[in-house]
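Working notes, structure below.
Sequential numbering from 1 along the given sequence is applied to the chain's residues. Excluded from the calculations below are hydrogen atoms, water molecules and symmetry mates; all remaining heavy atoms, backbone and side chain alike, are included.
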Amino acid sequence: DIRLLEEPQAVCYDWLRRNTGSIKQALKDVNLLLVCDVGGGTTDLTLIKVEEQGDDEPKLTRIGVGDHLMLGGDNIDLALAHLAEKRITGGDKKLSAADLSQLLEQCRIAKERLLADDAPEQSNVTLLGGGSKLIGGSRSAALTKDEVRTMALDGFFPLSGLDDLPDRKRSGVVEFGLPYAAEPAISKHIAAFLKLHSQAAADALGHEGRVPDALLLNGGVFRSQPITTRTLDL
């Protein structure tokens, strides 16, 4: 028999497996765990209630599951690709879908490089020409470490407040047929999720609050230390 699990729940099981023998110590004084899973294309959130059980390992109960948001690292890549597009074309025309797709992959590589601990000050993205002009027709644009970090951190992981919720009036960006979330700030989606499950969170915490006291991160976005640090700060 095969049982399918939402990824955040599977992440939690995996964490428990890898910490067998030290779970009780690792979850000491933890009452509410937020699993934050941000991959390339999606964001998934889950709340886990943690209850001590004497000498036994704590009991973990899933008390909140978020929507499957079309929002993740791909959106950061897309924002950077549009920035690079303006620099390459001078801002007076749009690239073809094929060229934008090529640029998107270049921006993903540049993003990962510029969000690394040992990041250079800038990285070039290059759009190759076609046919006999494959090399000679190439065009490049530079992305700096500061602007990539500003876009990724302040645009997608701003230090917004607990009551700063997603802007529902904005129209979602649709690229390559994908209906992305209208609000790019993942921070605000986390706040909305915690507000939706505020009563269950308060019951788990034992007081009138809803901020989790533990965080389990998963997904390719969190390979970036600056984004991980920002999420902990949030």
Side-chain angles (χ1 to χ4, degrees), residues 2-16 32-48 62-83 97 100-101 103-112 114-116 148-149 151-160 164-197 200-201 212 214-234:
I2 297 174
R3 177 179 296 179
L4 298 179
L5 305 174
E6 291 96 349
E7 193 167 3
Q9 187 179 7
V11 168
C12 191
Y13 281 136
D14 181 65
W15 183 86
L16 292 171
L32 185 63
L33 168 67
L34 171 64
V35 184
C36 186
D37 184 353
V38 185
T42 58
T43 291
D44 292 286
L45 304 169
T46 292
L47 276 178
I48 306 287
R62 186 174 59 170
I63 60 173
V65 178
D67 294 333
H68 193 61
L69 296 170
M70 293 293 289
L71 181 62
D74 292 350
N75 299 74
I76 303 175
D77 302 342
L78 189 58
L80 292 171
H82 283 310
L83 176 62
L100 185 60
S101 180
L103 193 60
L104 201 57
E105 178 62 18
Q106 290 278 313
C107 286
R108 181 188 65 78
I109 295 170
K111 175 198 70 178
E112 293 175 355
L114 294 171
L115 287 175
V148 168
R149 293 192 177 203
M151 185 173 289
L153 298 181
D154 296 339
F156 292 85
F157 290 90
L159 288 174
S160 51
D164 290 336
L165 304 180
D167 184 354
R168 302 295 185 186
K169 296 179 182 178
R170 302 176 60 157
S171 59
V173 176
V174 177
E175 292 284 348
F176 306 116
L178 298 176
Y180 290 133
E183 172 61 66
I186 292 171
S187 308
K188 295 182 180 181
H189 288 288
I190 293 174
F193 173 69
L194 294 177
K195 182 177 182 179
L196 179 64
H197 298 284
L215 185 62
L216 179 57
L217 300 177
N218 185 61
V221 164
F222 295 114
R223 285 198 291 265
S224 163
Q225 189 58 46
I227 292 180
T228 294
T229 301
R230 171 58 65 91
T231 308
L232 290 171
D233 290 342
L234 175 71

Under the side chain to side chain contact (heavy atoms under 4.5 Å, CB included) test, residues paired with [X] that sit two or more places apart:
X    : value
H197 : L47, F193
A191 : L165
A214 : V30, L33
L232 : L215, T228

Residues which pass side chain to side chain donor-acceptor pair (under 3.5 Å) with E112, listed by chain and number, not counting sequence neighbours
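Partners of E112 under the side chain to side chain donor-acceptor pair (under 3.5 Å) test: R108.
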
With R230 via side chain to side chain donor-acceptor pair (under 3.5 Å) - residues at least two apart:
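Listed in chain order: D154.
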
Taking all atoms of both residues into account, what is the closest heavy-atom pair of [X] and [Y], and its distance?
X    : Y    : answer
C36  : L45  : SG-CD2, 3.7 Å
A182 : D167 : CB-O, 4.4 Å
S160 : K188 : OG-CG, 3.9 Å
H189 : A181 : NE2-CB, 4.2 Å
I63  : A201 : CD1-N, 4.4 Å

Please step through side-chain contact (heavy atoms from CB on, under 4.5 Å) for the pair E6 and D44, ending with a clear verdict.
CA-CA 9 Å; E6 291 96 349; D44 292 286; over 6 Å; no

Distance-only donor-acceptor hits, side chain of residues 216-227, under 3.5 Å, sequence neighbours excluded:
unit_1: N218; atom_1: ND2; unit_2: D37; atom_2: OD1; d: 3.3
unit_1: N218; atom_1: ND2; unit_2: D37; atom_2: OD2; d: 3.3
unit_1: S224; atom_1: OG; unit_2: I227; atom_2: N; d: 3.4
unit_1: Q225; atom_1: NE2; unit_2: T229; atom_2: OG1; d: 3.2

Can you tell me how far apart [atom1] ([X]) and [atom2] ([Y]) are? Round to the nearest 0.5 Å.
X    : Y    : atom1 : atom2 : value
L103 : L78  : CG    : CG    : 10.0 Å
C107 : H82  : SG    : NE2   : 10.0 Å
I76  : L115 : CD1   : CG    : 7.0 Å

Is there a side-chain contact (heavy atoms from CB on, under 4.5 Å) between Q9 and T46? Walk through the geometry before answering.
CA-CA 7 Å; Q9 187 179 7; T46 292; 5.7 Å; no

Could you tell me whether the side chain of L194 reaches within less than 4.5 Å of the side chain of P212, counting heavy atoms only?
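When only atoms from C-beta onward are counted, L194 and P212 do touch, with a gap below 4.5 Å.
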
Do L83 and M151 come within less than 4.5 Å of each other through their side chains, counting heavy atoms only?
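They are in side-chain contact.
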
Between F157 and L234, does the side-chain contact (heavy atoms from CB on, under 4.5 Å) criterion hold? Intermediate values first, please.
CA-CA 8 Å; F157 290 90; L234 175 71; 5.5 Å; no

D77: partners by salt bridge (Lys or Arg N to Asp or Glu O under 4.0 Å), with sequence neighbours left out:
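In terms of salt bridge (Lys or Arg N to Asp or Glu O under 4.0 Å), with neighbours along the sequence ignored, D77 is linked to K111.
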
V38, L34, T43 screened by side chain to side chain contact (heavy atoms under 4.5 Å, CB included) with I190, the one that passes
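Single side chain to side chain contact (heavy atoms under 4.5 Å, CB included) partner of I190 among V38, L34, T43: L34.
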
